[in-house]
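Structure first, then comments.
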Amino acid sequence: MKKLSKKTLNKSFFTWFYGNLTCFSQEHMQTFGYLCAMLPVVEELYDDNDKQKEAMSTYTAFFNTEPQIGTLVVGMTAGLEEAKANNQPIDSEAINGIRAGLMGPLAGIGDSMIVGTLIPILLGIGLGLSTGGNPLGAIFYIVVWNALMFFGMKFAYFKGYELGGKAVEILVGEQAQAIRDSIIMIGTIVMGAVAASWINIHTAWVLPGGGELQKTLDGIYPKMLSGITVVFCWWLMTKKNISPTMVMLLLVVIAFVGVLAGFFNPGLSY
Amino acid sequence: MDISLFQAVLLGICACLSSMPGLGGTTFGNYTLGRPLVAGLVVGLILGDVRSGIIIGAAIQVIYIALVTPGGTVSADVRAISYIGIPLAICAVKGMGLDPATTQAQSMAAALGAAVGTLGTVLFYGTATMNLIWQHIGWKAVERGDFRKLYVVNMGLPWISHIICSFIPTVIITMAGAGMVGIMKSYLPMDGIAMKTLFTVGSLLPAVGIAILLKQVVKKGMDFITFFFGFTLAACLGLNLIATAIIGSFFAVINYKVIMAQNKKTVVAAGSVDDDDDEEDI
């Protein structure tokens with residue numbers, strides 16, 4: 001009965017934690033990170049070079065997902081490889097099937113939960129703490145983000161190793177879905193506050209009667225122009241499928257026309 | 001304000017570590033050092049002006065608050081935004097005699113950061129393409145069964161890609177760019193159309209960053225209610241971000257309980273239906 005040592009599992013985890021994207025190319029995105037993470041596992045399970053070659057060939061298939069949540073898959077395959085070495089009914093094809101099947105769904109969950117929600121919430125709070133050039137915001141983000149990810153990924157790796165195929169339940173079960181939905185809600189509310197605090201769109205337009213348009217707008221709903229601009233950009237990207245870069249270029253045109261028309265005026269001079 | 005060779009070299013090393021795909025690793029490189037908020041602190045320390053660094057980094061951070069790179073396609077390059085854009089923005093703001101804390105200075109930084117970030121995507125594709133060479137060496141090693149070489153391929157050789165695509169461009173552009181501010185100042189007056197447009201663009205750009213994020217969570221108009229709930233808390237009630245996060249968590253807990261209660265109800269209902277309709281199911 002072969003059993004992977006704690007030391008080997010740790011080595012595999014750290015190799016993935018650091019090296020999941022270091023040798024990225026468009027052709028093989030995380031494949032080399034994966035191969036390196038599996039190497040300590042394979043070396044401990046098989047003594048003979050031919051068997052090592054055969055085992056490693058499983059992991060030469062293309063791999064790409066959200067690498068932080070993808071740690072779960074690496075842990076799972078370490079567990080499955082151990083089972084395979086102990087002659088349990090599992091082969092390379094089954095391992096690769098699981099890997100390929102999880103890549104897409106985990107990328108979706110990771111991109112929306114980690115990159116699209118957790119990071120913006122932490123950055124939003126960090127921005128709030130940075131007022132006036134205070135370094136506390138950046139320090140808060142560095143400490144909290146790295147601690148959450150390091151322990152989170154370590155947990156995912158070892159859960160994946162212990163539970164094998166069943167580990168996926170943690171992420172896609174009914175309860176997980178409800179938690180995800182609720183966390184996204186916090187993210188959306190915080191983003192609303194970030195938008196209101198950090199977008200400052202003002203008009204310099206003077207109304208025919210002599211009043212300032214900006215004051216009138218503030219009376220209706222403060223920061224109205226900022227809110228409208230966000231919805232407008234969202235509409236262009238979501239409903240019209242325009243790329244972010246094109247939206248930015250369009251804003252350059254709008255700014256230029258707005259300045260010519262006197263709608264925008266930053267009011268500066270040397 | 002000038003950037004010395006030593007300072008440029010430090011910025012260049014940070015560029016190698018922080019990019020996607022970078023040598024600081026995904027979590028600490030790309031998602032920590034590469035975030036403009038953190039880079040503001042780092043660049044501020046390197047250039048000896050932490051306050052300006054943080055304020056300008058934060059202003060640029062809003063545009064890139066949700067920089068997702070699905071399937072390895074990027075619309076902006078973090079190393080360029082953070083370690084070329086931020087130093088240049090600090091030089092520009094100080095060279096023009098603006099106080100970094102003003103909205104105008106932040107608009108200018110945002111416009112510069114976004115321009116550099118978009119142009120910088122060429123660095124991303126350069127690095128990724130050059131890594132193909134090391135991967136080719138890696139495949140040869142796998143065929144031979146010389147697996148130890150994989151570590152060199154994955155974590156050593158990509159340094160060469162980064163020296164060429166991250167380090168050298170950062171050193172050259174930051175050193176040359178710092179001197180450009182004087183030229184810009186004499187040819188482009190602040191009250192001219194060009195500069196007015198630049199500042200206006202900078203004030204509009206953060207809206208794109210927020211919209212990129214909302215693209216993922218807001219599918220229909222109704223979903224905007226959650227967003228404008230947070231917006232109103234800050235805009236009308238003047239709550240700060242921590243207070244908003246706490247209020248948001250409160251509603252999230254309620255939301256979670258509602259969903260779980262609904263799930264339970266469905267299970268019970270489905271269970272009772274199953275009992276009656278066993279035969280029809282078969």
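Just so it is clear: chains get the letters A, B, ... in the order the sequence lines come, proteins before strands, and each one is counted from 1. Worth knowing before you read on, the calculation uses all heavy atoms, side chains too, and leaves out hydrogens, waters and symmetry mates.
For B/Q135, the parts lying near chain A are the backbone and the side chain together; criterion is any non-hydrogen pair under 4.5 Å. Within the 4.5 angstrom heavy-atom criterion, atoms from both the backbone and the side chain of A/L251 approach chain B. At a 4.5 Å heavy-atom cutoff, B/N240 makes no contact with chain A through either its backbone or its side chain. The contact between B/L37 and chain A is made by backbone and side chain atoms together, counting heavy-atom distances below 4.5 Å. Heavy atoms closer than 4.5 Å to chain B are found in the side chain of A/Y221, but not in its backbone. For B/I65, the parts lying near chain A are the backbone and the side chain together; criterion is any non-hydrogen pair under 4.5 Å. For a residue to count as touching a neighbouring chain, one of its non-hydrogen atoms must lie under 4.5 Å from one of that chain's; by this rule B/A101 does not touch chain A. Within the 4.5 angstrom heavy-atom criterion, no atom of B/W159 approaches chain A. Both the backbone and the side chain of A/S112 come within less than 4.5 Å of a heavy atom in chain B. Contacts between B/T232 and chain A at a heavy-atom distance below 4.5 Å involve backbone atoms as well as side-chain atoms. No part of A/L225 comes within reach of chain B, as not one of its non-hydrogen atoms sits under 4.5 angstrom from that chain. Within the 4.5 angstrom heavy-atom criterion, only side-chain atoms of A/P67, from C-beta onward, approach chain B. Only the side chain of A/T31 comes within less than 4.5 Å of a heavy atom of chain B; its backbone N, CA, C and O stay farther away. When heavy atoms are compared at a cutoff of 4.5 Å, B/T27 approaches chain A by way of both its backbone and its side chain. Only the side chain of A/E43 comes within less than 4.5 Å of a heavy atom in chain B; its backbone stays farther off. Only the side chain of A/Q68 comes within contact range of chain B, judged by heavy atoms closer than 4.5 Å. For chain A, no part of B/V258 is nearby; none of its heavy atoms comes within less than 4.5 Å. With a threshold of 4.5 angstrom between heavy atoms, A/N134 approaches chain B through N, CA, C or O but not through any side-chain atom. Proximity to chain A (any heavy atom under 4.5 Å) is restricted, for B/E143, to the backbone atoms N, CA, C and O. Within the 4.5 angstrom heavy-atom criterion, only side-chain atoms of A/Y141, from C-beta onward, approach chain B. Using a 4.5 Å cut-off between heavy atoms, B/I63 contacts chain A through its side chain alone, with no backbone atom that close. In this structure, the portions of A/V231 lying under 4.5 Å from any heavy atom of chain B include both its backbone and its side chain. Residue contact with chain B, scored on non-hydrogen atoms closer than 4.5 Å, is absent for A/A107. Contact of B/F224 with chain A is made through the side chain alone, with heavy-atom distances under 4.5 Å.
Looking only at heavy-atom pairs under 4.5 Å with chain B, the residue among A/S57, A/G110, A/G124, A/G128 that has the most is A/G124. Counting heavy-atom pairs closer than 4.5 Å to chain A, the top-ranked of the candidates B/G117, B/A58, B/G238 is B/A58. When the candidates A/P244, A/S25, A/P222 are compared by the number of heavy-atom contacts under 4.5 Å with chain B, A/S25 comes out ahead. Here B/G145 is the residue among B/A243, B/G145, B/G192, B/S52 with the most heavy-atom pairs under 4.5 Å with chain A. For the options B/I242, B/I210, B/I247, B/T244, heavy-atom pairs under 4.5 Å to chain A are most numerous at B/I210. When each of B/V253, B/L213, B/L239 is scored by its heavy-atom pairs under 4.5 Å with chain A, the top score falls to B/L213. Counting heavy-atom pairs closer than 4.5 Å to chain A, the top residue among B/V50, B/I55, B/N255 is B/N255. Annotation: maximal heavy-atom pairing with chain B below 4.5 Å, among A/V194, A/L129, A/I184, occurs at A/V194. Of all the listed residues (B/L233, B/V218, B/L198, B/I254), the one sharing the greatest number of non-hydrogen pairs under 4.5 Å with chain A is B/V218.
A/N20 and B/T26 share a donor-acceptor pair across their side chains, judged by distance under 3.5 Å alone. With hydrogens and angles left out, the side-chain atoms of A/Q214 and A/D218 include a donor and acceptor closer than 3.5 Å.
Ring planes of A/F263 and A/W205: tilted class, angle from 30 to 60°. Ring pair B/F227/B/F231 is tilted by interplanar angle, where 30° to 60° counts as tilted. Aromatic ring orientation, A/W145 versus B/Y31: perpendicular (interplanar angle above 60°, classes split at 30° and 60°).
Of the candidates A/V247, A/T229, A/V230, A/L236, B/V208 forms a side-chain contact (heavy atoms from CB on, under 4.5 Å) with just one, namely A/V247.
Proximity of A/F256 to A/F264: side-chain heavy atoms (C-beta onward) are nowhere separated by under 4.5 Å. Annotation: side chain of A/M113 is not in contact with side chain of A/E66 (no heavy-atom distance under 4.5 Å). Looking only at side-chain heavy atoms (C-beta outward), A/C23 and B/W134 come within less than 4.5 Å of each other. Using a 4.5 Å heavy-atom cutoff, the side chains of A/Y18 and B/L23 are in contact. In this structure, A/F24 and A/F32 have side chains that are not in contact, with every pair of non-hydrogen atoms separated by 4.5 Å or more. Looking at A/M149 and B/T32, their side chains never come closer than 4.5 Å, going by heavy atoms from C-beta outward. The side-chain heavy atoms of A/T245 and B/T121, taken from C-beta on, include no pair separated by under 4.5 Å.
Of all heavy-atom pairs between B/L205 and B/A110, the closest is CD1-O, 3.8 Å. Taking every heavy atom of both residues into account, A/I189 and B/G248 meet most closely at CD1-CA, 3.8 Å.
Rounded to the nearest 0.5 Å, atoms CG (A/L35) and CE (A/M56) are 5.0 Å apart. Between the CH2 atom of A/W234 and the NZ atom of A/K239 there is a distance of 4.5 Å, given to the nearest 0.5 Å. Of the inter-residue distances, the one linking A/S226 atom OG with A/I201 atom CD1 reads 4.5 Å to the nearest 0.5 angstrom.
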